[in-house]
Amino acid sequence: MTTSINEMLEKARVAQQSFETYNQQQVDEIVRAIGKVVYDHAEELSRDAVEETQMGVFEDKVVKCTGKSRAIWNHLKSKKSVGIISRNENTGIVEVAKPMGVIGAVTPTTNPIVTPMCNAMLALKGRNAIIIAPHPRSKKCSSKTVALMNAEIRKLGGPEHLIQCIEEPSIEKTNQLMHSVDVVVATGGMGMVKAAYSSGKPSYGVGAGNVQVIIDREIDFDKAARDIIKGRKFDNGVICSGEQSIIVHQDDYPGVKEAFISNDTYFIEDQREADKLREVLFEDGHISKDVVGQSVFTIAELAGIKIPKRPRSS
């Protein structure tokens, strides 16, 4: 029998009230531990994510788990979040950290391990409790991540139910959560972000990426091409910070194109191929869910386009 949203909220508030009494050292020990457990289980969790969601690249997800857990902790470890955090002698203003309460975090299927981890580390750094609403397509691996983090909190004697995860997520439960918590953090499609902003609660949202890359003049086009390709194909393009389009001066276009071709980029210049690809990529003007997180070769195959393994300029 699954726990209701109201029951989860009650447990979260009890946990948060207890956690609010913790000092900075105790808080930081717990924040470090929940990041470290994801670092230590990076391969296991990455494999689970790929198998459940059928998206992305295992090796790249391992890099995300290890890199992000380390980066978030290094960013947070020296910051004060308990008691007096600053004192301005000129103005006499003293800043005192105070928890927001219970945070509701909506997490995407494209990043089912790292987003819950990041949200939890940031929430607990401020002595908040957090309830995670994972995408239904990634509920198992997200729930497993939360279970691992809770096990580490338990080892340190921390409060039970400080981090919770909706076991059987749905739109209805997610909406109820967003209308009930003190703060909403939403990561996902634009519809979900709009719902968060319409919840009546303070909300922070990030939707689909739209990253333009401007290639400046008189730079190393070959290096730029390599870097852009590396970012675009990372984890099969599921991260919102992945490059989406390239803007280049028209006089430099031939040289930039040659740089991309020499780095194994396939240019579609036949209108029939472009139309086939467009039909596969989009449904009713929106990106098709069936192509998200898939390799370029899989997408090309769906479109009936044969891409040479290593295309080169003539």
Glu43 side, atom CD; Glu59 side, atom CD - distance, nearest 0.5 Å
9.0 Å
Between Val206 and Thr187, is the side-chain contact (heavy atoms from CB on, under 4.5 Å) condition met? List the steps.
CA-CA 5 Å; Val206 56; Thr187 309; 3.6 Å; yes
Verify the neighbour count for atom NZ of Lys173: are there more than 12 heavy atoms of other residues, nucleotides or ligands below 6.0 Å?
yes
Hydrophobic clustering (ILVMFWY, side-chain heavy atoms < 4.5 Å, transitive) - are Ile246 and Ile219 grouped together?
yes
Could you go step by step and tell me if Lys11 and Glu160 meet the salt bridge (Lys or Arg N to Asp or Glu O under 4.0 Å) rule?
CA-CA 8 Å; Lys11 292 176 179 178; Glu160 288 286 339; over 6 Å; no
Neighbour count >12 (heavy atoms, 6.0 Å) for atom CD1, Ile247:
yes
For the NZ atom on Lys125, are there more than 12 heavy atoms of other groups (residues, nucleotides or ligands in this structure) within a distance under 6.0 Å?
yes
Any side-chain donor near an acceptor of the partner, Asn6 and Glu10, under 3.5 Å:
no
Within 6.0 Å of CZ in Arg217, more than 12 heavy atoms from elsewhere
yes
Show, in sequence, the C-alpha distance, side-chain angles and deciding distance for Lys276 and Asp270, and conclude whether the salt bridge (Lys or Arg N to Asp or Glu O under 4.0 Å) test is met.
CA-CA 10 Å; Lys276 288 179 182 178; Asp270 184 288; over 6 Å; no
Please indicate whether His249 has more than 12 foreign heavy atoms, meaning atoms of other residues, nucleotides or ligands, lying under 6.0 Å from its NE2.
yes
Give a yes or no on this: more than 12 heavy atoms of other residues, nucleotides or ligands lie within 6.0 Å of atom OH of Tyr197.
yes
Please test Glu52 against Lys144 for salt bridge (Lys or Arg N to Asp or Glu O under 4.0 Å), starting from the C-alpha separation and ending with a verdict.
CA-CA 12 Å; Glu52 184 177 10; Lys144 182 175 181 178; over 6 Å; no
Give a yes or no on whether the backbone of Pro112 and the side-chain of Thr115 come within a donor-acceptor separation of less than 3.5 Å.
no
Decide yes or no on salt bridge (Lys or Arg N to Asp or Glu O under 4.0 Å) for Asp235 and Lys61, but give the supporting numbers first.
CA-CA 7 Å; Asp235 206 14; Lys61 290 188 185 298; 3.1 Å; yes
Are Val62 and Val114 connected in a single hydrophobic cluster, I mean Ile/Leu/Val/Met/Phe/Trp/Tyr linked by side-chain heavy atoms less than 4.5 Å apart?
no
Point-to-point distance, once rounded to the nearest 0.5 Å, from NZ of Lys98 to CG of Asn128:
9.5 Å
Is atom CZ of Arg13 surrounded by more than 12 heavy atoms (other residues, nucleotides or ligands) closer than 6.0 Å?
yes
